[in-house]
Amino acid sequence: MAAAEATRLEAAAETADGTVPPPAVPAAYQSGNLDGDRSRQPVLRRVLSSNAMVSVLSVLLALIVGGILIAATDEEVGETASYFFSRPTDMLSAAWSAAAGAYAALFQGAFFNFGADSAQRFFYPLTQTLTVATPLILAGLGVAVAFRTGLFNIGAQGQIIIGAAMAAWVGFAVHLPVGLHLLLVIIAGMLGGAIWAGIAGILKAKTGAHEVIVTIMLNYVAINLVLFLLSTPAFQRPGSSNPISPQLDANAMFPPLLGSGFRLHWGFVLAVLATVFIWWLMNRSTIGFELKAVGANPSAARNAGISTTKGYVVVMLIAGALSGLAGVAQVAGTEKVLTSGVAASFGFDAITVALLGRSSPWGTFAAGLLFGAFRAGGVTMQTNTGTSIDIVLVVQSLIVLFIAAPPLVRSLFRIPAPGAFQTSGKRLSKTTKTAGGAA
């Protein structure tokens, strides 16, 4: 009787004695939390169930597995393993020292050199990370934009190469005043990358050719085309038989961002501005809305009056221009010349960067910084500890593996899937309504 009276009083309070209709879910349950701090639990649950948390945990899991591999290949660990059952702490201590020492050296080579004798040497690793991250961020944005439109652009490598080739030619063959020359170099690089990616976009829009196949083939065409160009008088350095171009004019180069003592240049600022622009384009512009609509559901986009063919071409032009900017950062900022290896593996790593960043502009930016740190710190790790730099490639590959398998990461760390709590809330609401109807 007491419980019935409490329920009646609660219902009277919620309905003002019948003058207003009752809520679908009682007030005690409207927050979705049955216990705990109701002001904090929803935020915590949203964070735990987010895709960003999966990305963070994927990196953590890859570092753990990488640490195990480092320990397993260490000589001291192998020696202590022979008497593990008599003194197991020796092997565990050696394994921890091997993994921790390698990652400490990686951090020292990627961020701060705590043993430096000057401020310049202390911050030099961080500037190296930002320098290496610049083309990764720009090319990663190009891949991410295509992903958001439903296209798998794996041609960033070729787009970087063509963009770098056009930018380099304008840089050493044309002589212009300060400011104007660098501007034309940037435009030429963006145009080269946009044209190269636009080929795949047009073929996709007009003939239905799969962009994966087209961009793969265009990568090889770009690589061999630049090799050919570097053997011609128009591109090859006079007096040299090596495939290398003349150095770009000083007016065609990015100025140093922090002075001549660092390699970091203003191309990094360009990468930041490109990130801001892509964020605005995809989240605040009509074009971005149309591109995301095409990627989400092409049929629905066509029914809504959005041209999918135009969307494919436009997004590939944008993606190619961003990858072309990565080529500009290489030839006009870091390398200052055009070589056959100007793109290194930035185009392929950009795919991983975009995946890790969940194809969001700022997520891609953060992933580019992370991979730049891996590249910059890997050399120091190998020099200081003898750990092979290939372990960095292993960690990067593991990140891709775990990013591609979110259920595995969620199950290992016992975190909920996205929408799990919303689903439970709906079930609670449905149960409450059913109980109310039965009553």
Side-chain angles (χ1 to χ4, degrees), residues 50-59 62 132-161 163 193-194 196-197 200-201 204 210-212 214-216 218-219 270-272 274-283 288 291-292 294-296 311-312 314-327 329 343-375 393 395-406 409:
S50 65
N51 289 325
M53 179 59 67
V54 174
S55 298
V56 172
L57 293 177
S58 296
V59 174
V132 177
T134 298
L136 285 172
I137 293 169
L138 290 168
L141 289 172
V143 176
V145 167
F147 282 169
R148 296 292 293 272
T149 316
L151 296 181
F152 195 16
N153 174 29
I154 57 175
Q157 187 78 1
Q159 294 151 24
I160 293 174
I161 292 173
W196 209 246
K204 172 72 174 181
H210 203 289
E211 70 278 2
V212 172
V214 176
T215 51
I216 287 176
L218 287 175
N219 283 341
L270 190 64
V272 175
T275 305
V276 174
F277 171 75
I278 294 301
W279 173 85
W280 173 86
L281 179 73
M282 300 304 294
N283 296 285
L291 294 179
K292 289 192 292 185
V294 171
Y312 292 145
V314 169
V315 75
M316 289 304 293
L317 289 175
I318 296 173
L322 290 167
S323 297
L325 273 179
S345 62
F346 289 123
F348 300 113
D349 291 342
I351 302 172
T352 309
V353 168
L355 288 172
L356 179 59
R358 297 289 176 180
S359 299
S360 67
W362 290 111
T364 302
F365 182 87
L369 293 179
L370 175 64
F371 275 62
F374 282 152
R375 278 176 169 265
L393 300 177
V395 172
Q396 291 178 349
S397 302
L398 288 171
I399 290 173
V400 177
L401 174 64
F402 295 133
I403 285 291
V409 178

Residue pairs passing the side chain to side chain donor-acceptor pair (under 3.5 Å) test where at least one lies in residues 360-371, sequence neighbours excluded: none

Heavy-atom closest contact (Phe402 atom, Val409 atom, distance): O-CG2, 3.6 Å

Nearest non-hydrogen partners of Ala156 and Gly347, listed with the distance: CB-O, 3.8 Å

Side chains of Val132 and Phe371 in contact at under 4.5 Å (non-hydrogen atoms): no

Close side-chain approach of Ser58 and Val54, heavy atoms under 4.5 Å: yes

Lys292 (side chain) donor-acceptor with Arg148 (main chain) under 3.5 angstrom: no

Closest approach of Thr149 to Gly311 (non-hydrogen atoms, all atoms of both residues): CG2-O, 4.5 Å

Distance-only donor-acceptor check, side chains Gln159 and Asn219, under 3.5 Å: no

Check: Ala319 main-chain N/O paired with Ser323 side-chain donor or acceptor under 3.5 Å: yes

Pair Asn153-Met316, side-chain contact (heavy atoms from CB on, under 4.5 Å): steps then yes or no: CA-CA 8 Å; Asn153 174 29; Met316 289 304 293; 3.8 Å; yes

Heavy-atom pair with the smallest gap, counting every atom of Leu136 and Val353: O-CG1, 4.2 Å

For the student: nearest non-hydrogen atoms of Ala326 and Pro135, plus distance: CB-O, 3.5 Å

Of all pairs that satisfy side chain to side chain donor-acceptor pair (under 3.5 Å), the ones with a partner from residues 132-141, not counting sequence neighbours: none

side-chain contact (heavy atoms from CB on, under 4.5 Å) between Gln396 and Val400, worked out: CA-CA 7 Å; Gln396 291 178 349; Val400 177; 5.9 Å; no

Side-chain donor/acceptor of Gln157 to backbone N/O of Ala344, under 3.5 Å: yes

NZ or CZ of Arg375 within 45° of Phe346 ring axis and under 6.0 Å: yes

4.5 Å side-chain heavy-atom contact, Ile399 and Phe374: yes

Minimum-distance pair of heavy atoms, taken over all atoms of Ala354 and Gly140: CB-O, 3.7 Å

Flag side-chain contact, heavy atom, 4.5 Å: Ile278 against Leu281: yes

Pair Leu369-Ile137, side-chain contact (heavy atoms from CB on, under 4.5 Å): steps then yes or no: CA-CA 8 Å; Leu369 293 179; Ile137 293 169; 4.2 Å; yes

